[in-house]
Visitor: 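Below: one structure in structure tokens.
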Amino acid sequence: MKKFKTELLIIGAGPSGLGAAIYAARAALDFFVVEKFIAGGQIVVTEFIENYPGFKDDVSGFDLMQSIIEHCKKFNINIHESQSIESMEILRSGRKSKCKFVCRGQDIEVVAGSIIIATGASPRRLYVEGENEFIGNGISFCATCDGALYRDKEVMVIGGGDTAIQEAMFLVKFASKVYIVHRRDELRAVKSLQAKAFAQPKIEFLFDSVVDRFTGGNKLEEVTIKNVKTNEKTVKKIDGVFEYVGIKPNSDFLKGFLKMDEWGFIITDEKMSTSVSGIFAAGDVRVTPLRQVITAVSDGAVAATFADKYLDDLD
Ligand SMILES: Cc1cc2nc3c(=O)[nH]c(=O)nc-3n(C[C@H](O)[C@H](O)[C@H](O)COP(=O)(O)OP(=O)(O)OC[C@H]3O[C@@H](n4cnc5c(N)ncnc54)[C@H](O)[C@@H]3O)c2cc1C
């Protein structure tokens with residue numbers, strides 16, 4: 001078990017965690033970042049980003065995060081990769097100046113004066129019949145990772161938001177046909193993405209539709225689609241399905257410790273302060289009206305600024 005003591009612990013090395021880290025470094029705080037996998041966060045699997053200021057030509061999620069990681073290296077920011085924080089408790093309460101937090105993972109224990117939770121989110125699933133059976137065997141959550149497996153094949157994207165449409169536009173590079181199944185009669189994606197998708201001849205939209213069940217043998221073969229207005233069911237032969245129906249926050253390990261909304265997103269104020277003084281949350285894991293790289297980075301900057309102020313006020 002590795003044991004550390006630090007002024008500030010940042011949990012998660014996605015855009016919000018690294019945004020926080022750059023601001024914490026500039027504030028000369030004693031801190032480090034713990035990351036469950038490798039630094040970068042969920043955006044690293046995205047083939048193109050066209051809405052991050054300063055990158056007028058589409059930049060891949062991987063390249064964008066590499067440049068942020070390089071920026072962190074300039075400040076000698078310590079990122080402990082392959083370490084997950086799984087529990088948190090208040091070590092000593094009483095006078096505010098005595099309050100410390102202890103965070104534990106499988107082989108790490110960190111005692112910190114303040115914490116920024118930047119653990120982001122993971123894809124939400126459909127939870128329909130057959131889904132469990134075919135995840136990794138026809139059902140995927142990552143077009144960049146698995147899209148090339150479907151060269152000249154027919155695939156289906158589930159969802160109608162920005163991510164679904166963006167990933168469908170990536171899949172047309174490989175697939176002969178991309179169905180987009182959306183439960184409403186119009187897309188939620190921004191208009192510029194919609195225009196691109198409507199102009200793409202390989203894409204066919206199935207509106208007012210939801211997945212009823214997945215079926216197949218050793219791998220996924222068919223998807224039963226139900227029209228929500230008529231209840232009519234149609235079986236489509238399909239080679240691969242990509243699900244983009246929203247996200248769920250990576251906050252399970254904090255249940256009961258911090259105030260959250262009904263879906264588990266952490267409630268903060270505009271300083272990113274949570275219901276526990278000294279603990280901040282930033283990015284996709286918190287209740288926020290927009291979950292994007294730009295807002296995650298910005299949340300991180302705000303959280304680090306106020307974590308610094310919190311620690312200063314303890315002196
Ligand atoms: C397919 C796709 C396309 C997207 N396209 C765009 C786009 O074009 N433009 C845009 O602005 N945004 C886009 N987004 C949204 C963007 O990726 C997120 O808003 C952003 O990554 C949120 O950053 P974050 O740091 O809050 O969380 P994340 O990126 O999720 O990073 C959280 C990090 O915390 C780590 N972690 C989780 N739990 C723990 C734990 N217990 N201990 C330690 N570490 C932990 C995770 O491994 C992860 O690295 C897209 C998202 C997806 C999935």
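All ligand and atom numbering here is 1-based and tracks the order in the structure.
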Visitor: Which protein non-hydrogen atom lies closest to atom 34 (O) of ligand 1, naming both residue and atom, and how far is it?
Guide: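 Of every protein heavy atom, G12 CA, 3.3 Å lies nearest to atom 34 (O) of ligand 1.
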Visitor: Is it true that Q83 lies under 4.0 Å from ligand 1, counting heavy atoms only?
Guide: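 Heavy atoms of Q83 do come under 4.0 Å of ligand 1.
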Visitor: Which residue supplies the protein heavy atom nearest to atom 35 (C) of ligand 1, what is that atom called, and how far is it?
Guide: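 Ranking protein heavy atoms by distance from atom 35 (C) of ligand 1, first comes E35 OE1, 3.2 Å.
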Visitor: Taking the inter-plane angle between the rings of F170 and F174 on a 0 to 90° scale, is it parallel (under 30°), tilted (30 to 60°) or perpendicular (over 60°)?
Guide: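 Ring orientation of F170 relative to F174: perpendicular.
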Visitor: What atoms of ligand 1 come closer than 4.0 angstrom to any heavy atom of G41?
Guide: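 Listed by number with element, the hits are 29 (O), 31 (O), 48 (C), 49 (O).
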Visitor: Which of the atoms of ligand 1 are close to G283, meaning less than 4.0 Å from one of its heavy atoms?
Guide: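 Result: 26 (O).
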Visitor: Of the choices K36, Q42, Q292, which has the non-hydrogen atom that lies closest to atom 30 (O) of ligand 1?
Guide: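 Considering heavy atoms of K36, Q42, Q292, the nearest to atom 30 (O) of ligand 1 sits in Q42.
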Visitor: Distance under 4.0 Å to a non-hydrogen atom of A118: what atoms of ligand 1 satisfy this?
Guide: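 Selected atoms, number and element: 32 (C), 33 (C), 34 (O).
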Visitor: Tell me which part of T46 gets within contact of ligand 1: side chain, backbone, both or neither, using heavy atoms under 4.0 Å.
Guide: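 Side chain only.
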Visitor: So H182 and F207, would you call those rings parallel, tilted or perpendicular, with 30° and 60° as cut-offs?
Guide: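 Taking F207 first and then H182, their aromatic rings stand perpendicular (interplane angle over 60°).
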Visitor: Show me which atoms of ligand 1 lie under 4.0 Å from any heavy atom of A121.
Guide: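 Atoms satisfying the 4.0 Å criterion: 30 (O).
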Visitor: Got the closest protein heavy atom to atom 1 (C) of ligand 1, with its distance?
Guide: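 Protein heavy atom with the smallest distance to atom 1 (C) of ligand 1: T163 CG2, 3.3 Å.
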Visitor: Around atom 19 (O) of ligand 1, find the nearest protein heavy atom and jot down its residue, atom name and distance.
Guide: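 Answer, as residue, atom name and distance: D284 OD1, 2.9 Å.
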Visitor: Check whether the side chains of S87 and R104 place a donor and an acceptor atom closer than 3.5 Å, and report yes or no.
Guide: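 The answer is no; no qualifying pair exists.
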Visitor: Could you identify the single nearest non-hydrogen protein atom to atom 14 (N) of ligand 1 and state the distance to 0.1 Å?
Guide: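 Its nearest protein heavy-atom neighbour is I43 CD1, 3.5 Å.
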Visitor: How close do N250 and F253 get, counting heavy atoms only, and between which atoms?
Guide: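 Looks like O-CE2, 3.6 Å.
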Visitor: Have a look at ligand 1 and work out which part of V293, if any, has a heavy atom under 4.0 Å from it: side chain, backbone, both or neither.
Guide: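 Both backbone and side chain of V293 come within 4.0 Å of ligand 1.
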Visitor: Are side-chain N/O atoms of D284 and Q42 paired as donor and acceptor at under 3.5 Å?
Guide: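 There is such a pair between these side chains.
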Visitor: Tell me whether G40 has any N or O atom under 3.5 angstrom from an N or O of ligand 1.
Guide: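 No.
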Visitor: At less than 4.0 angstrom from any non-hydrogen atom of G14, what atoms of ligand 1 do you find?
Guide: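 Answer, ordered by atom number: 25 (O), 31 (O), 33 (C).
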Visitor: If the cut-off is 4.0 Å to any non-hydrogen atom of R291, which atoms of ligand 1 fall inside it?
Guide: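 Once the distances to R291 are compared, the set is 15 (C), 19 (O).
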Visitor: Hey, is I247 touching ligand 1 through its side chain, its backbone, both or neither, going by heavy atoms under 4.0 Å?
Guide: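 I247 to ligand 1: no contact under 4.0 Å from either part.
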Visitor: Which residue supplies the protein heavy atom nearest to atom 9 (N) of ligand 1, what is that atom called, and how far is it?
Guide: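 Looking at atom 9 (N) of ligand 1, the protein heavy atom closest to it is N51 OD1, 3.0 Å.
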Visitor: Can a salt bridge be assigned to the pair K309 and D312 using a cut-off of 4.0 Å between side-chain N and carboxylate O?
Guide: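 No salt bridge links K309 with D312.
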Visitor: Are E243 and R125 ion-paired here, with the side-chain N under 4.0 Å from a carboxylate O?
Guide: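 A salt bridge is absent here (no side-chain N lies under 4.0 Å from a carboxylate O).
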Visitor: Do the two ring centres, one from F205 and one from Y179, sit under 6.0 Å apart?
Guide: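 Between Y179 and F205, which both carry aromatic rings, the centre distance is not below 6.0 Å.
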Visitor: Check each atom of ligand 1 against the heavy atoms of V34 and keep those under 4.0 Å away; list them by number with element.
Guide: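 Checking each atom against V34, I get 43 (C), 44 (N).
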Visitor: Please classify the A296 to ligand 1 contact at 4.0 Å (heavy-atom distances, strictly less than): side chain, backbone, both or neither.
Guide: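 Side chain only; the backbone of A296 stays clear of ligand 1.
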Visitor: Say whether V45, considering both its backbone and side-chain N or O atoms, lies within less than 3.5 Å of an N or O atom on ligand 1.
Guide: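 For ligand 1, there is no N or O atom that lies under 3.5 Å from one belonging to V45.
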Visitor: What do you reckon, does Y52 put a non-hydrogen atom under 4.0 Å from ligand 1?
Guide: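 It does not, in that no heavy atom of Y52 comes within the 4.0 Å cut-off of ligand 1.
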Visitor: Anything under 30° is parallel, anything over 60° is perpendicular, the rest tilted; go ahead and classify F242 against Y150.
Guide: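 If you compare the ring of F242 with that of Y150, the planes turn out perpendicular.
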Visitor: For a 4.5 angstrom cut-off between non-hydrogen side-chain atoms, does Q166 reach T46?
Guide: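 Yes, close enough: below the 4.5 Å cut-off.
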Visitor: With a 4.0 Å cut-off on N to O distance, would you call K196 and E50 a salt bridge?
Guide: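 Looking at K196 and E50, the cut-off is met.
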Visitor: May I ask you to check whether F32 and H80 place their ring centers less than 6.0 Å from one another?
Guide: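 Between F32 and H80, the centre distance is under 6.0 Å.
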Visitor: Would you call R213-E129 a salt bridge at under 4.0 Å N-O?
Guide: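 Salt bridge between R213 and E129, a charged N being under 4.0 Å from a carboxylate O: yes.
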Visitor: Considering only non-hydrogen protein atoms, determine which one is nearest to atom 37 (C) of ligand 1 and report residue, atom name and distance to 0.1 Å.
Guide: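 Answer for atom 37 (C) of ligand 1: T119 O, 3.2 Å.
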Visitor: Among all protein heavy atoms, pick out the one at the shortest distance from atom 5 (N) of ligand 1; state its residue, atom name and that distance to 0.1 Å.
Guide: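 Looking at atom 5 (N) of ligand 1, the protein heavy atom closest to it is Q166 OE1, 3.1 Å.
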Visitor: Please determine if R124 forms a cation-pi arrangement with Y244, meaning its NZ or CZ atom is less than 6.0 Å from the six-membered ring centre and no more than 45° off the ring axis.
Guide: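 That pair does not qualify as a cation-pi contact.
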